[in-house]
2 protein chains.
Amino acid sequence: MELHQLRYFCAVARTGSFTRAAIEEGVAQPSLSQQIVKLEQTLGAKLFDRLGRSIQLTEYGRTLLPQALAILRQVNEARSTLESLRRGVGGNLSVGCIPTLTPYFLAPRLSDFAHRFPDVELQDRGTGWRPRMR
Amino acid sequence: MELHQLRYFCAVARTGSFTRAAIEEGVAQPSLSQQIVKLEQTLGAKLFDRLGRSIQLTEYGRTLLPQALAILRQVNEARSTLESLRRGVGGNLSVGCIPTLTPYFLAPRLSDFAHRFPDVELQDRGTGWRPRMR
DNA sequence: TAATATTACGTATTACGTAAAGATT
DNA sequence: AATCTTTACGTAATACGTAATATTA
């Protein structure tokens with residue numbers, strides 16, 4: 001399983017065509033087709049049903065697709081994170097969140113952010129908001 | 001950026017040594033060293049400080065490491081998901097969650113699960129629990 | 001000098017492109 | 001017949017291993 005194979009797979013899934021996928025990926029159709037076959041062999045599962053001209057994802061393909069997208073997204077994220085680090089990250093960003101969501105939704109994301117950009121200082125400035133007590 | 005390069009990178013980071021990493025990965029040292037250099041070139045950033053015998057992650061390396069691990073984890077997850085699908089998934093699993101967490105914590109994970117194992121039926125059996133109203 | 005990383009170079013794998021064949025509407 | 005995918009095959013890129021060199025404790 002290689003990254004370019006996952007890219008090709010996603011392109012075929014998205015376009016529904018080996019030809020269009022090859023054009024988008026900038027490779028020859030046969031090359032792309034080979035890589036898909038190879039991916040299928042290494043995974044031990046057919047990813048597409050070839051119905052003449054049209055293509056349809058198999059159950060395996062439908063299972064792999066979101067994961068492949070997630071992998072590629074994460075690869076791009078890694079690239080852009082390093083790129084940000086090279087250029088330096090600047091600017092100013094304020095984030096708000098209702099208290100109920102803070103521990104489960106906001107906190108882990110802030111934690112990831114702090115991990116990724118260790119040079120960005122985070123501050124809790126509060127909201128000034130208080131529950132009505134009267 | 002290739003998957004095997006990320007594997008090599010993580011191995012070096014974990015072992016702190018090109019030699020030990022090469023042994024673990026089952027390749028010759030120079031080959032592994034080359035791939036690390038190549039990875040550094042494509043990313044445009046040095047990942048390790050070479051201090052004679054010992055190796056230390058640079059800031060770029062420290063930034064990349066968790067992302068590389070996440071990518072490899074996701075790749076393995078994709079593999080094992082397909083493997084599970086090939087073997088068929090069986091058994092019986094009950095999941096509980098306090099109401100406060102359900103929408104933000106449990107729901108998206110169940111959604112992912114349902115997406116990954118479309119043949120597994122999910123049921124909400126309730127908890128029998130009710131808030132005290134007296 | 002012993003241990004480790006890099007450089008140099010030859011080899012084998014493999015991804016790719018072109019051309020031809022097969023298949024479906 | 002036209003369009004799309006697969007197969008066949010030659011080429012170019014590249015990952016790998018061996019050998020030699022450099023570097024440090």
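Bear in mind that the values here come from a model prediction, so they are computed numbers and not experimental data. In what follows, chains are A, B, ... by sequence order, proteins preceding strands, each numbered from 1.
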Worksheet item: Knowing that exactly one of A:E25, A:E40, A:Q5 qualifies, which makes a side chain to side chain donor-acceptor pair (under 3.5 Å) with A:Q35?
Response: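 The side chain to side chain donor-acceptor pair (under 3.5 Å) with A:Q35 is passed solely by A:Q5 among A:E25, A:E40, A:Q5.
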
For atom [atom1] of [X] and atom [atom2] of [N], their distance in whole Å:
| X | N | atom1 | atom2 | result |
| --- | --- | --- | --- | --- |
| A:L32 | C:dC16 | CG | P | 8 Å |
| B:Q41 | C:dT7 | CD | C1' | 13 Å |
| B:I23 | C:dA3 | CD1 | C1' | 12 Å |
| A:I55 | C:dA23 | CD1 | P | 15 Å |
| B:Q5 | D:dA15 | CD | P | 6 Å |
| B:L3 | C:dA15 | CG | P | 13 Å |
| A:E2 | C:dT13 | CD | C1' | 12 Å |
| A:Q56 | C:dT24 | CD | P | 16 Å |

Worksheet item: So, the side chain of B:T15 versus the backbone of B:A11: is there a donor-acceptor pair under 3.5 Å, distance only?
Response: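 Yes.
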
Look at the side-chain N and O atoms of [X] and state whether any lies under 4.0 Å from the OP1 or OP2 oxygen of [N].
| X | N | value |
| --- | --- | --- |
| A:S33 | D:dT6 | yes |
| A:K38 | C:dT14 | no |
| A:S31 | C:dG17 | yes |
| A:S17 | D:dC4 | no |
| A:R50 | D:dT6 | yes |
| A:Q29 | D:dT5 | no |

Worksheet entry | Row check, A:F113 ring normal vs A:R109 NZ/CZ: under 6.0 Å, within 45° |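 No, A:R109 does not lie over the aromatic ring of A:F113.
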
Worksheet item: NA contact type, B:Q34, heavy-atom cut-off 4.0 Å: base, sugar-phosphate, or nothing?
Response: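 Answer is base: heavy atoms of B:Q34 come under 4.0 Å of a base.
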
Discussion item. Under 4.0 Å, heavy atoms only, any strand: does B:Y8 hit a base, just the sugar-phosphate, or nothing?
Written reply: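 Sugar-phosphate contact only - B:Y8 comes under 4.0 Å of backbone atoms but never of a base.
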
Item to complete: Report the residue (A:L51 or A:V27) whose heavy-atom-nearest nucleotide on DNA chain C is the more 5′ of the two.
Response: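 First, find each residue's nearest nucleotide; the 5'-ward one identifies A:V27.
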
Worksheet item: Does a donor on one side chain sit under 3.5 Å from an acceptor on the other, for A:Q67 and B:T81?
Response: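 Their side chains do contain a donor-acceptor pair, which is all the 3.5 Å distance test asks for.
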
Worksheet item: Between B:F48 and B:F18, what is the ring plane arrangement, given parallel below 30°, perpendicular above 60°, and tilted in between?
Response: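 If you compare the ring of B:F48 with that of B:F18, the planes turn out perpendicular.
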
Item to complete: State which of D:dA15, C:dA19, C:dT6 makes the closest approach to the side chain of B:H4.
Response: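 Looking only at side-chain atoms, B:H4 lies closest to D:dA15.
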
